[in-house]
Amino acid sequence: MSLKARRTMIAYSFLTIPLLFFLCIRIFPTVYAFSMSFSPQYGGSFTLENYVKLWHDQVFWKSVWNTCKYVFITVPVQMAIGLLIAIAIERVRHFRWIYRMIYFLPYITSIVAVSWVWRLMFDPNVGFLNEFIGWFGIPPQNWLSDPKESLFCVCTVMIWQSMGFSMLIFMAGLKAVPKQYIEAAQMDGAGTWKWFWKITFPLLNPTIVFLAVTGVIQSLQTFTQIQNLTAGSGSSAGGPLNSTISIVVYMYKNAFQDFNMQYASAVAVVLFIIILLVTLLQLKILNRNFDY
Amino acid sequence: MKRRLFSMVVVFMIIALLALTGCSNTKSAGNDSDVTITYWQYTFPAKVTEIKSLIKKFEAENPHIKVVAQDFPYDQYNQKVSAAMHAGKGPDILNLYYGWLPQYVKQGYLQPIPQDFMSTADIEKKYIPMIQASKIDDQYYTLPIAVRSLALFWNKELFKKAGLDPDTPPKTWDELIAYAKKLTIRKDNGKLEQEGFAWDVNGQGYHAFEEVLLRQWGIEPFSEDGKEVQWNSDPAGLDAFTYWINMNKKDKIGEPNFLTDYNTAFKAGKAGMIIDGSFDIAAIKEAAKFNWGVATLPVKAEGGLEANFGSFWTNGIAKGVKGERLKAAEKFLDFLTSEETQTDWLKNVGELPASASFANDDSINNDPIYGPFVQGLQHAHATFFVDEAKERDSMSAQIDKILLNNEPIDKTFESLVKEQQQIRDDYFNNQ
């Protein structure tokens with residue numbers, strides 16, 4: 001065996017382990033879930049019954065609709081706030097790192113801990129928020145226990161937590177915008193508003209694409225916040241009255257509360273398809289090139 | 001190029017082979033006669049400590065058997081069991097709530113208690129009749145150590161502050177509501193500062209409705225074979241439901257989520273009364289820094305029918321356990337359900353002995369704390385659940401409709417009964 005061949009062999013043998021690992025814990029379960037979604041709950045061969053049931057399942061459609069709401073509410077808002085903070089911090093001259101740290105802290109804090117702190121603040125009887133709005137004469141709200149408000153409460157927590165991440169990425173994006181373009185525009189007499197929209201914003205496009213794609217995938221998979229804000233003390237996640245249920249939560253409930261792994265797999269497959277389509281669509285729409 | 005590909009495949013196969021042999025690790029090292037069995041339960045601190053000390057005792061008596069106890073948080077317990085069983089990595093003996101039993105049996109997690117170990121007749125002779133709720137297809141799959149019933153806990157200090165006699169708990173539901181109104185304190189914005197009675201659905205509330213209120217209003221909640229939901233067999237069923245819902249909706253004596261849940265509110269000294277099980281005695285003893293008492297559950301009218309909800313956690317042998325391991329599991333189960341263990345269990349965990357032989361034990365019956373629970377046990381019914389989690393979920397969702405969306409009580413009651421019936425139909429039709 002030549003030296004080259006031996007080297008290649010060593011390289012491949014090292015690669016085998018992660019590859020095997022990847023096959024065992026990623027690919028195999030995925031394929032298994034696909035096959036499970038086509039089998040009935042109590043033994044039997046190939047069937048489409050899980051998907052037929054899914055099609056007529058109101059709670060499932062509610063979870064799909066709620067997931068859409070999570071995406072459309074949280075992603076734009078957290079990006080907008082993140083961009084605003086990033087621009088504001090850019091202007092700061094001293095102790096920039098302090099502001100950066102303060103806004104980034106929520107993102108690196110455990111989601112479970114954050115959710116529970118918010119849960120306590122949302123408490124209708126002893127929570128801080130009702131106390132706070134009471135100072136302005138606003139009547140107390142039921143927050144998480146009111147089906148009309150609960151979804152927005154969960155969104156608030158999600159936005160609050162992930163805007164720091166958007167901010168950090170936007171700050172890096174802003175740094176990459178060439179100064180000479182802005183200087184040139186200023187010389188041509190463009191106002192702040194104009195150079196932001198005509199120069200900075202288009203040049204931030206890759207950053208926006210990245211944040212939109214990751215943000216959408218993340219909010220499509222929302223689980224931890226919902227679980228920790230709404231479940232516990234006997235009531236199950238996604239309540240009250242399924243007002244906060246997301247696809248992932250519904251999948252979890254089917255798999256581990258009703259023990260219907262097959263049906264849960266069907267939900268997982270649908271979620272997989274949704275995420276795939278949304279991501280392809282996003283890359284296509286948002287990834288336009290800007291030439292100057 | 002071809003050679004390289006070939007060598008690549010060879011290397012890949014060798015490594016795959018190595019990895020596979022690595023997976024099938026050699027089991028039970030050591031002495032041939034040594035058997036290791038695993039016991040799973042959920043993380044209930046008092047039980048975890050108790051099981052640990054019991055295992056020590058058992059292992060001293062049976063030096064060739066090793067018992068490994070593992071526990072998992074309540075919220076994840078079913079998930080853990082389900083995942084492990086599907087992967088063939090489950091325990092040998094597992095502890096489960098009797099309400100989950102039909103699901104566990106249907107999923108094929110358990111094997112029936114071997115007849116040569118303890119026959120069905122022996123089981124029914126040994127235990128109090130309540131445990132017959134865990135009989136499925138004329139077979140027992142599990143054996144309990146202890147049983148629980150419900151009772152009324154009241155905070156004597158809050159009673160005194162509200163101008164009530166701290167030593168007289170309410171005897172009827174009407175009295176309970178009247179007392180609770182005096183005990184309820186609200187802030188300026190209308191929110192609760194202290195609740196009179198910790199009304200809830202998810203804790204013990206729905207059991208109290210199904211087995212206590214319905215029966216006292218003259219309704220047998222389920223048909224004998226468990227197939228029929230009979231709540232609306234008579235208008236009195238709706239009356240009982242309305243009476244119960246109105247404790248929250250009209251009388252406003254408590255809210256389910258006040259201070260996260262009913263027993264937290266009580267332990268914090270912010271709830272005048274709660275209905276809770278004997279399993280919480282230890283926790284309340286430790287956390288409640290005030291004078292409290294325990295009384296039997298209220299009745300509809302003085303001298304009226306007493307009723308109670310009994311429940312239990314129980315131990316089953318996993319399907320597929322056989323040979324030496326099965327013998328060891330039987331031995332451990334026998335040890336767990338012995339009268340000696342039951343006495344120990346009462347002392348350390350607070351659950352009442354499940355053996356019929358304890359019925360006339362005065363040291364338990366006359367205890368000021370355990371007494372009311374033992375009395376309650378005489379009138380206790382264990383609901384035959386087909387899917388405890390689903391039944392509870394349906395109950396709490398329908399009641400949310402009334403409380404949060406202001407839907408009419410009578411119509412919601414009808415749809416609730418229908419939904420509960422559907423869950424039973426689904427179960428029995430799929431058998």
Side-chain angles (χ1 to χ4, degrees), chain A residues 1-2 4-6 8-17 19-21 23-24 36 41-43 59 119-120 123-127 130-131 133-134 137-140 142 144-148 150 227 231-243 252-253 255-261, chain B residues 3-4 7-16 19 75-76 78-83 86 103-104 106-109 186-193 195 200-206 255-264 270 387 389-390 392-393 396-398 400-401 403-405 430-431:
Chain A
M1 214 184 282
S2 71
K4 205 176 155 200
R6 215 179 311 159
T8 327
M9 246 179 69
I10 290 171
Y12 277 120
S13 60
F14 276 107
L15 278 178
T16 331
I17 292 170
L19 194 71
L20 208 69
F21 192 64
L23 276 175
C24 288
M36 218 158 45
Q41 191 182 2
Y42 299 108
V59 183
R119 188 178 174 147
L120 293 175
D123 188 292
N125 290 303
V126 293
N130 269 346
E131 181 91 30
I133 61 172
I138 305 169
N142 280 327
L144 285 165
S145 38
D146 183 335
K148 291 189 202 75
S150 51
Q227 172 75 23
S233 53
S235 52
S236 63
L241 293 173
N242 292 325
S243 58
Y252 173 84
K253 281 174 79 167
F256 300 115
Q257 260 174 31
D258 299 346
F259 303 118
N260 196 343
M261 294 286 172
Chain B
R3 244 183 71 187
R4 200 202 287 173
S7 51
M8 205 178 94
V9 170
V10 169
V11 169
F12 184 85
M13 278 172 72
I14 290 170
I15 291 186
D75 295 341
Q76 295 157 24
N78 279 328
Q79 171 191 352
K80 194 83 195 171
V81 169
S82 152
H86 281 290
Q103 291 301 314
Y104 272 49
K106 204 163 165 188
Q107 298 286 336
Y109 299 162
R186 284 181 186 273
K187 286 186 265 194
D188 295 339
N189 63 6
K191 290 291 166 193
L192 278 174
E193 193 173 308
E195 58 183 349
D200 89 323
V201 181
N202 278 316
Q204 305 307 319
Y206 85 107
E255 280 170 25
N257 296 326
F258 177 58
L259 296 179
T260 69
D261 54 35
Y262 71 105
N263 46 19
T264 314
K270 293 281 183 191
D387 189 337
K390 227 180 192 165
R392 183 199 344 212
D393 249 20
S396 109
Q398 295 286 355
D400 271 351
K401 279 191 194 167
L403 300 181
L404 303 173
N405 287 356
N430 267 326
Q431 263 192 329

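By convention in this document, chain letters (A, B, ...) are assigned in the order of the sequence lines, proteins followed by strands, and residues within each chain are numbered from 1. Keep in mind that what you see is a predicted model, and the values were worked out from it rather than measured.
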> Non-hydrogen atoms of chain A under 4.5 Å away: do they reach the side chain of B/Y206, the backbone, both or neither?
Replying inline: neither

>> Any non-hydrogen side-chain atom of B/K270 less than 4.5 Å from a side-chain atom of A/V126?
In response: no

> Is it the side chain or the backbone of B/N263 that comes within 4.5 Å of chain A heavy atoms, both, or neither?
Replying inline: neither

>> Run the side chain to side chain contact (heavy atoms under 4.5 Å, CB included) test on B/E195 and A/N125 for me, step by step, so that the C-alpha distance in whole Å, both residues' side-chain angles and the decisive distance to 0.1 Å come before the verdict.
In response: CA-CA 11 Å; B/E195 58 183 349; A/N125 290 303; over 6 Å; no

>> To the nearest 0.5 Å, what is the distance between CD on A/E131 and NZ on B/K191?
In response: 13.0 Å

>> Between B/E255 and chain A, with a heavy-atom cut-off of 4.5 Å, which part of the residue counts as in contact: side chain, backbone, both or neither?
In response: side chain

> With a 4.5 Å heavy-atom cut-off, do B/N257 and A/P124 have their side chains touching?
Replying inline: no

> When only pairs under 4.5 Å are counted, which of B/Q79, B/Q398, B/Q76 shares the most heavy-atom pairs with chain A?
Replying inline: B/Q79

>> Give me the atom names and distance for the closest heavy-atom approach of A/S145 to B/L404.
In response: O-CD2, 3.1 Å

> Is it the side chain or the backbone of B/K80 that comes within 4.5 Å of chain A heavy atoms, both, or neither?
Replying inline: neither

> Between A/L241, A/L120, A/L15, A/D146, which has the largest tally of heavy atom pairs under 4.5 Å with chain B?
Replying inline: A/L241

> Measuring heavy-atom distances to chain B, does A/N242 have an atom under 4.5 Å in its side chain, in its backbone, in both, or in neither?
Replying inline: neither

